[in-house]
Amino acid sequence: MGDLNQTFPNNSGGSSCSMKASQADRDGKIAGYSLILIISLLGNILVILVVYKNRNMRKTINFFIVNMAASDLIIPLVVMPMQISRTVYGHWIVDAPAREVLCKITFFLSELPGLVSVLSLICMAIDRFVGVVFPLRAGLISSKVRIAMIVATWVISLGFSITSFYTMRVVIGRNGKPHCIMRWHDDIEKHMVALKTYSTILSVVFFVTPLILLVLFYSVILITLGKRKFPRVNQSQEAKKRNRRVSRSATVIAFTIVMVFWICWCPYNTIMFLWAFKWDWNFPTFCSFRTIFVICQFLTWANAAVNPCIYFVLIDNYRKGLRTVFPRTLSASLNSSLKMAGRSAARHDTQQVNDEGDCLELVDQ
């Protein structure tokens with residue numbers, strides 16, 4: 001996860017803007033970070049517990065939802081405490097002996113959620129694509145295949161994030177305080193070349209290519225669903241209509257998860273691309289850049305808190321799964337509140353969900 005101090009600690013790039021945040025700014029950041037921490041921690045833990053305690057939900061896209069929830073837990077457990085600490089103290093406060101190691105480990109972990117989520121979304125799209133476009137071959141993506149896909153999301157992400165152990169280091173900034181920054185080489189020119197190359201590769205692999213693939217997959221999926229006739233002769237017209245609604249609902253939910261992810265991540269990736277290739281890693285001359293960067297960065301972390309809300313508001317089985325996690329009275333209250341919040345977006349009742357209890361599984365496969 002990029003930061004203004006990772007490349008140029010306390011460097012204003014010749015700008016006349018004040019880089020000091022007011023107390024109100026710091027309080028606002030701390031409040032926002034704390035809110036993300038609480039919601040993402042509780043929400044993603046609940047997602048994992050609901051799937052774990054309900055065996056009928058351990059299938060299809062729920063595999064990838066749990067995978068994203070597990071990676072998103074890094075945000076409240078590692079990233080938010082670090083950000084709150086840095087906002088309060090203004091620098092890397094870890095004692096010197098452990099400072100270098102924790103700098104590398106912390107930023108190594110902070111890179112993982114976004115990378116794992118992108119790859120999980122692609123896996124989810126592939127799963128949905130095969131189920132809708134090639135329903136007779138949907139069995140090709142078995143539970144073992146999905147587990148292998150999940151393992152691959154972590155292996156690939158770890159392979160890219162492991163560069164943090166080489167590049168991240170603690171330096172003393174111009175203000176005399178320690179900062180955890182990225183340095184590919186001691187020579188600043190070689191560092192800039194390497195940083196731009198790495199940023200380009202990262203952008204192509206985890207931003208441009210996934211975006212193109214997701215647009216293609218979901219375009220074909222939506223076109224196929226629009227043309228599908230459900231020709232089963234042993235089904236009533238009402239059953240065919242019900243299957244069509246469930247199929248579309250399942251795809252809309254998956255599509256919503258993808259759209260929310262890109263809404264949260266596109267501004268950050270765009271500004272990082274501009275920063276690298278338009279401004280050559282120098283701070284732009286307009287004073288609002290720091291504010292814009294902080295907002296874009298905040299959106300990426302907020303995705304970890306928004307995802308669980310999507311699941312519990314739009315997916316009936318996740319709301320019902322709360323009964324196995326909370327006492328009956330509390331779970332009934334939560335289920336009622338979440339159902340009201342998602343009524344306009346999720347109009348299907350329990351009869352519109354397939355017999356296996358997974359509203360994300362295509363019933364006509």
Side-chain angles (χ1 to χ4, degrees), residues 1 31-55 57-84 105-106 108-124 127 146-147 149-151 153-154 157-158 161 253-254 256-265 268 297-326 330-331 334-335 337-339 341-342 346 358-360:
M1 185 67 64
Y33 295 152
S34 300
L35 186 63
I36 291 177
L37 189 154
I38 294 170
I39 296 177
S40 59
L41 180 63
L42 295 179
N44 287 295
I45 288 177
L46 283 177
V47 168
I48 295 172
L49 287 177
V50 164
V51 176
Y52 174 76
K53 288 181 174 290
N54 293 271
R55 297 182 63 87
M57 294 182 66
R58 300 179 195 174
K59 57 175 69 71
T60 63
I61 293 179
N62 288 325
F63 278 103
F64 305 117
I65 287 179
V66 169
N67 191 48
M68 292 176 64
S71 66
D72 282 344
L73 278 175
I74 296 175
I75 300 296
L77 293 177
V78 177
V79 180
M80 288 302 95
M82 178 192 69
Q83 288 301 121
I84 292 173
I105 293 176
T106 299
F108 163 72
L109 293 174
S110 68
E111 292 288 337
L112 289 176
L115 305 185
V116 173
S117 293
V118 168
L119 296 178
S120 296
L121 291 175
I122 294 176
C123 293
M124 189 184 300
D127 190 285
R146 293 186 181 100
I147 292 174
M149 293 167 74
I150 288 173
V151 172
T153 65
W154 285 92
S157 300
L158 288 170
S161 298
I253 291 171
T256 300
I257 296 171
V258 172
M259 287 300 298
V260 169
F261 178 87
W262 288 108
I263 289 173
C264 290
W265 278 88
Y268 175 81
Q297 195 175 48
F298 184 87
L299 280 174
T300 64
W301 295 325
N303 184 245
V306 174
N307 280 338
C309 298
I310 294 175
Y311 309 146
F312 287 112
V313 169
L314 295 184
I315 305 177
D316 188 53
N317 286 323
Y318 277 87
R319 294 196 297 271
K320 290 181 178 179
L322 291 174
R323 300 171 186 172
T324 62
V325 179
F326 290 115
L330 179 59
S331 65
L334 288 171
N335 188 29
S337 300
L338 292 169
K339 192 172 183 178
D358 185 354
C359 77
L360 286 180

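All values derive from a computational prediction rather than experimental measurement.
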So which atom in [X] and which in [Y] form the shortest heavy-atom distance, rounded to 0.1 Å?
| X | Y | value |
| --- | --- | --- |
| Thr153 | Leu119 | O-CD1, 3.4 Å |
| Thr324 | Lys53 | O-CD, 3.2 Å |
| Gly43 | Phe312 | O-CE1, 3.9 Å |
| Ile75 | Pro81 | O-CD, 4.1 Å |
| Leu314 | Ile253 | O-CD1, 3.9 Å |
| Ala304 | Asn44 | O-ND2, 2.9 Å |

Min side-chain heavy-atom separation [X]-[Y] under 4.5 Å:
| X | Y | value |
| --- | --- | --- |
| Leu73 | Ile48 | yes |
| Trp301 | Gln83 | yes |
| Asn62 | Tyr318 | yes |

Q: Go through the structure and list residues passing side chain to side chain contact (heavy atoms under 4.5 Å, CB included) with Leu35, not counting sequence neighbours.
A: Ile39

Q. Going by the side-chain hydrogen bond (donor to acceptor under 3.5 Å, both in side chains) test, which pairs reach into residues 303-313, not counting sequence neighbours?
A. Asp72-Asn307, Asn303-Asn307

**Q.** Tyr268 and Trp265 aromatic ring geometry - parallel, tilted or perpendicular at 30°/60° bounds
**A.** perpendicular

